[in-house]
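Worksheet for the structure shown next.
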Amino acid sequence: MVINKELLQLRKKIAEKRPEFVRQESWRYKKLASNWRKPKGKDNKMRQQVSGVPRLVKVGYKGPRISRGLHPSGYNDVLVFNTRDLTKIDPKKDAVRIAHGVGNKKRIDIVTEATKLKIKILNPGKIEAKKLPEKVETKPKKEAEAKVETRPKKEAEAKVETKPKKEAEAKAEAEAKVETKPKKEAEAKGKKEVKSKSSRKKVAKS
């Protein structure tokens, strides 16, 4: 996304009129690069600005002050050394350039913080933002209480009633078993008494 398009166009318009500044006699010798060096010789024709020689670098060739220092994207190019420097940056106007001397560990922290604050990074490289652990959503107490209370009353009553019925049945069975044992014992005793009486009668007759 490009911002400040008008300022960039103004800068470009002035830059088109600016001459190409070259090093003296770089066109003559291969050993000399064309990058700019100020001529300092006593009889140097370029320093003296004799007609027909390339122009010297002067203040008058500067671009407009408003658009000076802007990145081609239109953002202000701001150098950053640590995460504290990110607090001074306006994400709508400024873009971040991580300093060359910053190590990999700090670089990752700066990238993660910048992505969190939605700040444009001009030289992120291959470094990706650190993935933070996802927060577990804690359910509010009111919702938890509501869920506990939402159980229908009928089901709760049915569950409560079923337990006593089973217990009552179990007790009745136990009592029945207890009652059956004495009956059997009583019957057995009665039979024994009958036998003993009949044996006595037989003895008396004899």
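Computed from a prediction, not measured in an experiment: that's the story for all the values here.
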Can you tell me if [X] has over 12 outside heavy atoms packed within less than 6.0 Å of its [atom1]?
| X | atom1 | value |
| --- | --- | --- |
| E25 | CD | yes |
| R84 | CZ | no |
| I66 | CD1 | no |

[atom1] of [X] to [atom2] of [Y]: how many Å apart, nearest 0.5 Å?
| X | Y | atom1 | atom2 | value |
| --- | --- | --- | --- | --- |
| R65 | K62 | CZ | NZ | 7.5 Å |
| E113 | K130 | CD | NZ | 10.5 Å |
| K12 | E16 | NZ | CD | 6.0 Å |
| E20 | W36 | CD | CH2 | 12.0 Å |
| Q48 | M46 | CD | CE | 12.5 Å |
| N82 | K106 | CG | NZ | 5.5 Å |

Got a donor-acceptor contact below 3.5 angstrom from the [X] side chain to the [Y] backbone?
| X | Y | value |
| --- | --- | --- |
| N44 | R47 | yes |
| R55 | F21 | no |
| R11 | L70 | yes |
| N104 | R107 | no |
| R97 | N123 | no |

Query raised in the report: Linking Ile, Leu, Val, Met, Phe, Trp and Tyr by side-chain heavy atoms under 4.5 Å, what else ends up with I121?
Result: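 In the cluster with I121 are V78, V80, L86, I89, V96, I98, V102, I108, I110, V111, L117, I119, I127.
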**Report entry** Transitive ILVMFWY cluster of L79, excluding itself - 4.5 Å side-chain cut-off
**Finding:**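 Besides L79, the hydrophobic cluster comprises F81, listed by chain and residue number.
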Please give me the minimum heavy-atom distance between [X] and [Y], naming the atom from each residue.
| X | Y | value |
| --- | --- | --- |
| G74 | N4 | O-ND2, 2.8 Å |
| A129 | T115 | CB-OG1, 3.8 Å |
| S26 | A33 | CB-O, 3.4 Å |
| S73 | K120 | OG-CE, 3.9 Å |
| H71 | L8 | O-CD2, 3.9 Å |

Could you check if a side-chain atom of [X] sits within less than 4.5 angstrom of a side-chain atom of [Y], using non-hydrogen atoms only?
| X | Y | value |
| --- | --- | --- |
| I14 | P64 | yes |
| K38 | V57 | no |
| D90 | Y75 | no |

Query raised in the report: Looking at residues at least two apart in the chain, or sitting in another chain, which of them share a side-chain contact (heavy atoms from CB on, under 4.5 Å) with K13?
Result: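 Partners of K13 by the side-chain contact (heavy atoms from CB on, under 4.5 Å) criterion come out as none, since no residue qualifies.
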